[in-house]
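Structure first, then comments.
Naming: A, B, ... by sequence-line order, numbering from 1 per chain. What you see below is based on every heavy atom in this structure, not just the backbone, and it leaves out hydrogens, waters and symmetry mates.
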Amino acid sequence: MPFALVDCNNFYVSCERVFNPGLEGKPTVVLSNNDGCIIARSNEAKALGIKMGEPFFRCRQIIEKHHVKVYSSNFSLYGDMSSRVMETLGLFSPDMEIYSIDEAFLLLDEGIDNPVAWGKLVKSTVRKWTGIPVSIGIGPTKTLAKVAAHLAKTRPEGVVYTGDSPYTMLKDVDVADVWGIGSRYAHKLRSMGIHTALELINLPDDWVKRHMTSAGLRTVMELKGIECIQLEQVAGTRKSAMCSRSFGREVRALHELQEAVAAYASRAAEKVRAQGSAASCIQVFLARSPLKHGRYRVAITSMDLPEATSYTPEIIRAAKHMAGRLYRPGGVYKKAGVILSGLVARGEVQKNLVYPSGETQDRQRLMETMDELNARWGRGTIAFAAGGIERPWKMRQAMRSPRFTTSWDNIPVARVG
DNA sequence: TCTGGGGTCCTAGGACCC
DNA sequence: TCTGGGGTCCTAGGACCC
C-alpha cells in the first residue's frame, strides 16, 4: 500500500498569508525566535536568493531593496493552523502519521486506483478548508514519497506519484535532497563523485553501512523501494524535553539568568507533565557570546534527582542552583536552556526511601490546576514569580502578527460594504 | 552590533565485571 | 619472559530531521 507525504508549502509564510491576503505574490519571510535568522521564505523570497537559516542582518539589504515583508515567528498561530490541516487530512485516510508541524504521511487505501487524482482532491480540499497550499508525493516507501513530494513542489499540479518504476525519477534528484542525507553526508558523497539519488543506490551496501551507519543503509533500501520505515500512528512519548531561548539583550547579572532559567524550567516541566511523565535528570546550560567567529561558549551541568518529579517548584529550585554554579562573574550571556531527561511515566516513579521528594497529591493537584488554567486562558496566565515579571531578558519579536486564531483579542474583523 | 529551537538515533571507546 | 577473552553499561560526539 503506497505512502503519501503531504507537505505544506512555505508553511509559516502561508499561515501569514491566510490572514493577510495582500501578501500573496509578494516576497515574504518569517524570522526565527529573537528575530535572528530566516526560517521560512515565500517562493518570491527564494527567487531573490535569500537562504534558509541566513541571519537576518546579513540579508537586510536585499530585504529593504525589494520591500520583502518580514514577520517574527508566531508559533501559536502556526500550531493552530497545523491542527486544522491535520484534521482535514485525517478525513482522507484512517492511517496517518503527523510527522512535523507541516507534514503528514498517509497510507492510501487499497481501493484507490488513481493516486494522482486522489492527491489532487486532498490538495484542493486542504486549500479550500484551511487556506494552506500543499504539495503531495506518493510512493511505495516513505523515503520515495518524500522524494516525490520534493519534485511536486516544482510542478504546477503539485502532486507526483512515483508509479511502478521510481528509478527513472531518481536520476533527477540531488543526493542532498534525499530524506536522511544531511549536509555532512552530502558533502562526503559529492567529494566521491556521487551526485544523484540514482548514483547513491548503486553504491555497495557494505560501503554505505560502513560510512553512513545502518541509518544510511536504510535510506538506500527505501530508495530502492524496500520498506524499512513504518508508519508511526501513535505519537511516542518523548524521551527528553527542552526549553531554551536566546536573550533579547546581553545578560550579565546572575539574578536575571536565574529568572530566565526558572522560566525555562517551568516551561520544560509543563511539557513533561503534558505527556504524563516525570523527569529524573535536569541539565542546565548557559551560553556566552562567541569569541570572534567561533561558536557559542557553552557551560553545561547536569544533576540526577533522587526521585523523578514533574513538580515545577522543585525543578525551578534545582535549575536556579545549577545556574548559580555555572555562572562566572563578568561573563556576558546570550542564551540559556533547561533540559529534562530520563523521563518515566508518572505512575511508575521509583520511590527513594532515603531522600523522598515529597511529591504529594496536593502538589500534583496544584500542577494540574495550573496547567488547566493556562490551557484555557493562554500560556502564562498563571506562573511562578521566580520566572520574573518584567523579563528584561526576553527575546525580541518586533514584527509578530496578531494571534488571529488563539486569542479573542486578536480575532480578525471583516467589514462588508 | 546583529547567527532559532526542539527533537531522535547510532557508534566508538572506556570502565568495569567475571 | 610473560601479559585472555567476552560481555554490559555509560557517555560523548556526530549524524540526522523539521
So what does [X] touch, heavy atoms closer than 4.0 Å: a base, only the sugar-phosphate, or nothing?
X	value
D35(A)	nothing
S73(A)	nothing
E54(A)	nothing
V178(A)	sugar-phosphate
I101(A)	nothing
K334(A)	sugar-phosphate

OG1/T301(A) to NE2/H321(A) distance, rounded to the nearest 0.5 angstrom?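 Reported to 0.5 Å precision, the distance equals 8.5 Å.
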Can you tell me how far apart SG (C8(A)) and CZ (R127(A)) are? Round to the nearest 0.5 Å.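 If we round to the nearest 0.5 Å, C8(A):SG and R127(A):CZ are 11.5 Å apart.
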Assign the ring pair F404(A) / F19(A) to parallel, tilted or perpendicular, where the plane angle (0 to 90°) is split at 30° and 60°.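 Rings of F404(A) and F19(A): parallel, under 30°.
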Measure the acute angle between the ring planes of Y264(A) and F247(A), then classify it against the limits of 30° and 60° as parallel, tilted or perpendicular.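 The arrangement is parallel - the two ring planes meet at less than 30°.
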Establish, yes or no, whether a centroid distance under 6.0 Å links the rings of F75(A) and Y12(A).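 Distance test on ring centres: under 6.0 Å, yes.
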Please identify which of these residues, R379(A), R376(A), R273(A), meets the salt bridge (Lys or Arg N to Asp or Glu O under 4.0 Å) condition with D371(A).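 Going through R379(A), R376(A), R273(A) one by one, the salt bridge (Lys or Arg N to Asp or Glu O under 4.0 Å) with D371(A) is satisfied by R273(A) alone.
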Out of E227(A), E97(A), E222(A), which one pairs with K142(A) under the salt bridge (Lys or Arg N to Asp or Glu O under 4.0 Å) rule?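 Between K142(A) and the candidates, salt bridge (Lys or Arg N to Asp or Glu O under 4.0 Å) is satisfied uniquely by E97(A).
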Given dC17(C), is OP1 or OP2 found less than 4.0 Å from the side-chain N or O atoms of K146(A)?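 For dC17(C), neither OP1 nor OP2 has a side-chain N or O of K146(A) closer than 4.0 Å.
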Length of the line joining [X]:[atom1] and [N]:[atom2], which is rounded to integer Å:
X	N	atom1	atom2	result
Q283(A)	dA12(C)	CD	P	9 Å
R58(A)	dT3(B)	CZ	P	10 Å
Y185(A)	dG14(C)	OH	P	12 Å
E232(A)	dC17(C)	CD	C1'	13 Å
Y78(A)	dC18(C)	OH	C1'	15 Å
K142(A)	dC16(C)	NZ	P	19 Å
F56(A)	dT3(B)	CZ	P	12 Å
H187(A)	dA15(C)	NE2	C1'	15 Å

Tell me the stems DNA chain B sits in, counting at least three consecutive Watson-Crick or G-U wobble pairs, each under 3.5 Å on both distances.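 If one scans DNA chain B for consecutive Watson-Crick or G-U pairs, the stems found are B:5-18 with C:5-18.
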Lys/Arg N to Asp/Glu carboxylate O, D35(A) vs R400(A), below 4.0 Å: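 No, D35(A) and R400(A) are not salt-bridged.
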Ion pair present between R346(A) and E368(A), side-chain N to carboxylate O less than 4.0 angstrom?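 A salt bridge is absent here (no side-chain N lies under 4.0 Å from a carboxylate O).
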Quick tally for nucleotides 4-11 of chain B: nucleotides whose base has a protein heavy atom under 4.0 Å get B, sugar-phosphate-only ones S, the rest -, giving SSBSSSSS
Do S401(A) and E16(A) pair up side chain to side chain, a donor and an acceptor below 3.5 Å, judged on atom types alone?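 Note: S401(A) and E16(A) side chains meet the donor-acceptor criterion.
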